[in-house]
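Below is one structure, written out as structure tokens, with a few remarks after it.
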4 protein chains.
Amino acid sequence: MSPKIGMEPIRRQQIIEAAKHCIVTKGLPHFSIKDIAKAANLSTGVIYHYFENKDDLLVDVLKDSFSNTEKLVKETVDAASNYNNKMKAYLETVAKVPDENPDFYIILLNYLAQAPYNEELKRIISRFFQNLGRFIEGILQIGYKEGVIKKIEKGTAANLILSQAMGLAFYYLISNEKINKDKINRDFVEIFKKYIE
Amino acid sequence: MSPKIGMEPIRRQQIIEAAKHCIVTKGLPHFSIKDIAKAANLSTGVIYHYFENKDDLLVDVLKDSFSNTEKLVKETVDAASNYNNKMKAYLETVAKVPDENPDFYIILLNYLAQAPYNEELKRIISRFFQNLGRFIEGILQIGYKEGVIKKIEKGTAANLILSQAMGLAFYYLISNEKINKDKINRDFVEIFKKYIE
Amino acid sequence: MSPKIGMEPIRRQQIIEAAKHCIVTKGLPHFSIKDIAKAANLSTGVIYHYFENKDDLLVDVLKDSFSNTEKLVKETVDAASNYNNKMKAYLETVAKVPDENPDFYIILLNYLAQAPYNEELKRIISRFFQNLGRFIEGILQIGYKEGVIKKIEKGTAANLILSQAMGLAFYYLISNEKINKDKINRDFVEIFKKYIE
Amino acid sequence: MSPKIGMEPIRRQQIIEAAKHCIVTKGLPHFSIKDIAKAANLSTGVIYHYFENKDDLLVDVLKDSFSNTEKLVKETVDAASNYNNKMKAYLETVAKVPDENPDFYIILLNYLAQAPYNEELKRIISRFFQNLGRFIEGILQIGYKEGVIKKIEKGTAANLILSQAMGLAFYYLISNEKINKDKINRDFVEIFKKYIE
DNA sequence: CATGAATGAGGGTTCATTCAT
DNA sequence: GATGAATGAACCCTCATTCAT
């Protein structure tokens with residue numbers, strides 16, 4: 001039923017972007033297939049040529065968001081040469097997300113709230129964090145090998161870094177004032193040093 | 001419109017608890033007034049005697065959740081005598097929430113996801129975190145006066161503690177395995193020492 | 001089931017007046033028993049002590065309106081001594097209704113619109129117009145006996161006077177400007193002379 | 001929102017006719033969207049493809065009724081050649097409405113009763129009567145130019161003719177017996193001569 | 001008598017999904 | 001492929017009416 005992979009990836013992407021737009025502007029529970037179609041300048045029917053149903057489309061939206069973010073982080077960090085530069089690149093990339101790509105956290109938050117009621121979403125989100133955690137562990141491993149940081153329990157550190165980032169990001173979401181946001185952002189970067197140095 | 005305050009607080013509470021049950025079992029966007037009524041063993045109509053509409057009821061559910069949690073934290077901490085005991089009481093209370101009152105974080109997460117689209121929810125959540133932040137600052141202040149901890153920037157510390165708790169809690173939500181949860185929990189308590197000692 | 005007549009006529013009247021107020025301010029289809037109760041400063045339940053149900057109450061409201069108007073017209077005309085004075089009294093009374101008792105026509109219009117779907121209302125309204133028609137015929141009869149007017153077909157004249165009054169009154173209802181209303185009013189009185197002189 | 005003009009005027013008309021049927025058989029306040037759908041042999045949802053909401057649909061029903069009547073009157077009168085024929089055509093057309101198109105007055109009455117509570121309806125009805133009034137003035141003007149009738153105040157005459165028609169029509173509505181209806185009808189035509197000759 | 005909480009059918013409306021064109 | 005009209009279940013909410021207190 002679902003179209004063969006590679007058939008019309010442009011249309012699929014067009015629909016996914018429209019769905020993201022709807023999530024960001026209206027919230028996951030507050031838009032219809034018609035809203036997506038309107039945002040994509042398409043008819044409602046065509047969406048069902050590219051996606052089995054609404055749920056399937058929404059799952060693909062999350063996968064797309066995650067894969068974009070993973071790619072961004074990995075490319076930035078891989079381009080840096082040693083532990084210090086890699087960690088700096090990672091920190092800067094993550095720190096800039098709320099301002100430069102605020103959609104990501106909004107979308108993540110929307111799906112996170114659905115995770116307890118949807119095993120598939122839960123699995124996808126879980127895997128994303130595991131991947132990111134392992135990636136951070138990789139960076140820390142380099143630091144250890146270079147003798148720049150002391151040996152720490154990898155799992156713990158990765159968990160803490162991730163949760164810290166998430167916590168700050170969500171906290172950030174509900175703060176209106178620019179000044180407060182900047183402060184939280186600085187705090188966010190500062191705290192990493194406490195962990196790892 | 002809504003019944004005089006004090007009129008039938010039992011029914012109001014009964015409905016609020018039923019709504020909480022629905023949020024926890026089905027998720028904020030996935031239950032109807034009829035579901036709440038069924039959960040409360042009431043007819044649908046009666047809900048509108050006690051609440052103006054569904055949105056109002058859901059706002060009251062959040063307020064109720066927050067006020068319960070605030071009360072629990074404050075009472076536990078106030079019962080402790082000095083900085084060390086107070087901080088220990090705080091840490092233990094917060095650390096136990098995910099296991100002893102898992103509903104709280106699920107409910108919070110559901111509302112947090114709606115905050116970007118609803119100014120009232122945003123305000124209520126904001127105020128809750130502000131209150132909790134000030135409360136933590138108060139504990140730290142005591143520690144500083146007693147000479148137990150070094151002077152630290154209060155705002156930062158409070159923010160970090162809060163966001164750490166939130167981040168871990170949500171991370172916790174998507175972890176299935178008991179063993180992983182326990183570990184995260186231990187990490188959570190451990191990290192506080194890094195901040196404040 | 002319905003309370004014995006004479007039991008609490010004050011309460012009945014209080015409720016009827018409240019219902020009239022609701023009809024005039026909101027329109028027959030747009031208010032509830034609760035609205036009536038609120039307007040009468042009573043509880044909803046008590047209305048069912050004095051009226052079998054909403055329909056019965058609304059029938060009684062119409063009867064009350066009609067009996068008031070009939071009484072007013074008859075008393076005014078009966079107080080006049082001869083044909084000329086009687087007809088003058090009638091014309092003035094009717095002409096003043098839209099301004100002095102605008103509720104009457106609004107209430108009448110509301111019920112008239114229901115007449116095609118409710119035999120009881122139809123019968124009550126029919127009887128009211130028949131009574132008024134016969135009353136006008138009586139005045140004309142006096143004029144004929146006094147030799148003041150020429151013999152005319154009574155039924156026709158009465159019908160025409162009534163319908164003219166009704167038509168102008170409803171036309172009047174939808175005219176906003178005071179100046180227009182005054183003009184229509186003057187036209188209304190003027191036309192009677194054409195009929196009968 | 002509403003479909004492009006010209007898209008599916010047949011469906012729109014189908015729904016409007018079904019709504020008219022409901023008004024005539026049940027009365028404006030006593031039918032639901034579901035009733036309309038059933039009368040039109042459609043599902044409930046489709047109505048919202050063609051009309052924004054129930055109120056909008058009902059407004060369009062009134063507009064449709066008025067435009068039909070205006071067209072009928074104008075076409076009939078325009079086809080006549082001089083004043084006498086035009087006025088005769090007008091009188092006959094109007095006199096026949098209650099028997100040949102009894103729905104019109106029932107529908108009009110239903111909306112008239114809502115006019116005091118709905119500015120839009122009031123405006124539409126007002127405009128209809130103004131148009132019709134001006135049209136009658138036009139006929140009288142011709143009669144005056146042809147020297148057939150004496151000069152009369154146009155506004156007054158038009159108002160009186162209209163209100164007479166309305167009054168008789170509504171009076172007619174509540175009369176059951178056929179004989180009575182016929183008599184009123186004859187009276188209606190007769191009265192015009194008194195006005196204008 | 002009086003109250004107002006409770007019931008549940010029914011109203012207007014939305015929306016995921018299908019399918020004839 | 002693409003369209004958007006059509007379906008009908010489900011949603012939020014109102015309200016006439018009842019009845020325990």
Side-chain angles (χ1 to χ4, degrees), chain A residues 1 3 7-8 11 29-38 41-58, chain B residues 3-4 7-8 10-12 15 29-38 40-58, chain C residues 1 3 7-8 11 29-38 41-58, chain D residues 3-4 7-8 10-12 15 29-38 40-58:
Chain A
M1 242 17 92
M7 253 189 88
E8 289 275 6
R11 272 285 153 78
H30 303 310
F31 60 90
S32 64
I33 286 283
K34 218 173 230 162
D35 289 327
I36 300 175
K38 224 173 286 169
N41 240 331
L42 291 172
S43 68
T44 63
V46 81
I47 289 176
Y48 287 85
H49 277 284
Y50 295 98
F51 299 91
E52 193 72 20
N53 53 42
K54 197 186 183 189
D55 279 354
D56 266 28
L57 163 55
L58 292 180
Chain B
K4 287 92 195 157
M7 253 334 271
E8 288 282 350
I10 294 117
R11 267 285 188 284
R12 277 186 72 93
I15 293 168
H30 301 310
F31 61 89
S32 66
I33 285 283
K34 247 167 206 154
D35 291 326
I36 300 174
K38 226 170 284 169
N41 236 332
L42 291 170
S43 68
T44 62
V46 80
I47 290 176
Y48 291 88
H49 277 281
Y50 296 97
F51 300 91
E52 196 72 20
N53 52 44
K54 196 188 183 189
D55 278 355
D56 265 32
L57 162 55
L58 293 180
Chain C
M1 238 22 89
M7 252 189 91
E8 289 274 5
R11 271 286 153 78
H30 302 310
F31 61 89
S32 64
I33 285 283
K34 218 174 230 161
D35 290 326
I36 300 175
K38 225 173 284 168
N41 241 331
L42 292 171
S43 69
T44 63
V46 80
I47 289 176
Y48 286 86
H49 277 283
Y50 294 97
F51 299 91
E52 193 71 19
N53 53 42
K54 197 187 183 188
D55 279 353
D56 267 28
L57 162 55
L58 292 180
Chain D
K4 286 91 195 156
M7 255 332 276
E8 287 283 351
I10 294 117
R11 267 285 189 284
R12 276 184 73 92
I15 294 169
H30 301 310
F31 61 89
S32 65
I33 285 283
K34 254 163 204 158
D35 291 325
I36 300 175
K38 226 170 284 168
N41 237 333
L42 291 170
S43 67
T44 63
V46 82
I47 290 176
Y48 290 88
H49 277 281
Y50 295 96
F51 300 91
E52 197 71 20
N53 52 44
K54 195 189 184 188
D55 278 355
D56 265 31
L57 163 55
L58 293 180

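Every chain is numbered from 1, with letters handed out A, B, ... down the list of sequences. Computation of the quantities below employed the complete heavy-atom set of this structure, encompassing side-chain atoms and omitting hydrogens, waters and symmetry-equivalent molecules.
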**OP:** For B:Tyr50 and B:Arg12, work out which heavy atoms get closest and say how close.
**Re:** O-NH1, 2.8 Å
Subject >> F:dT21 versus E:dC1 - spacing of their C1' atoms, nearest Å >> reply: 13 Å
[X] [atom1] - [N] [atom2] separation (whole Å):
| X | N | atom1 | atom2 | value |
| --- | --- | --- | --- | --- |
| B:Asn53 | E:dG12 | CG | P | 20 Å |
| B:Phe51 | E:dA5 | CZ | P | 13 Å |
| D:Ile36 | E:dT13 | CD1 | P | 10 Å |
| B:Asp35 | F:dC13 | CG | C1' | 15 Å |
| D:Lys54 | E:dT13 | NZ | C1' | 12 Å |
| C:Tyr50 | F:dT17 | OH | P | 18 Å |
| A:Leu42 | F:dT3 | CG | P | 6 Å |
| B:Asp55 | F:dC12 | CG | C1' | 10 Å |

Where the side chain of [X] is defined as all heavy atoms beyond and including C-beta, which of [options] is the nearest nucleotide?
| X | options | result |
| --- | --- | --- |
| D:Val46 | E:dA9, E:dA5, F:dT7 | F:dT7 |
| B:Thr44 | E:dA9, E:dT17, F:dA6 | E:dA9 |
| D:Lys34 | F:dA9, F:dA10, E:dA16 | F:dA10 |
| B:Ser43 | E:dA6, E:dA2, F:dA6 | E:dA6 |

**OP:** Could you check whether B:Ser32 gets within reach of a base, just the sugar-phosphate, or nothing at all, counting any heavy atom under 4.0 Å?
**Re:** sugar-phosphate
Original post:
For the base of E:dA5, is there a side-chain donor-acceptor partner from B:His49 under 3.5 Å away?
Top reply: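 Answer no: no donor N or O sits under 3.5 Å from an acceptor.
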Could you give the distance from [atom1] ([X]) to [atom2] ([Y]), rounded to the nearest 0.5 Å?
| X | Y | atom1 | atom2 | answer |
| --- | --- | --- | --- | --- |
| C:Asn53 | C:Asp56 | CG | CG | 4.5 Å |
| C:Lys34 | C:Ile47 | NZ | CD1 | 11.5 Å |
| B:Leu57 | B:Ile36 | CG | CD1 | 5.0 Å |
| B:Leu42 | B:Ile33 | CG | CD1 | 11.5 Å |

**OP:** Examine E:dA6: is either OP1 or OP2 under 4.0 Å from a nitrogen or oxygen in the side chain of B:Arg11? Give yes or no.
**Re:**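 For B:Arg11, the contact criterion (side-chain N or O under 4.0 Å from OP1 or OP2 of E:dA6) is met.
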Subject >> Side-chain N,O (A:Tyr48) to OP1/OP2 (F:dG1) below 4.0 Å >> reply: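 Indeed not, no polar side-chain atom of A:Tyr48 lies that close.
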Subject >> Earlier contact from the 5' end, DNA chain E, for B:Asn41 and A:His30 >> reply: B:Asn41
**OP:** Please figure out whether D:Phe31 or B:Gly45 has its closest DNA chain E nucleotide nearer the 5' end.
**Re:** B:Gly45
Original post:
Watson-Crick or G-U wobble partner for F:dT3, using a 3.5 Å limit on both distances?
Top reply: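 Here F:dT3 is engaged in a pair, and the nucleotide opposite it is E:dA20.
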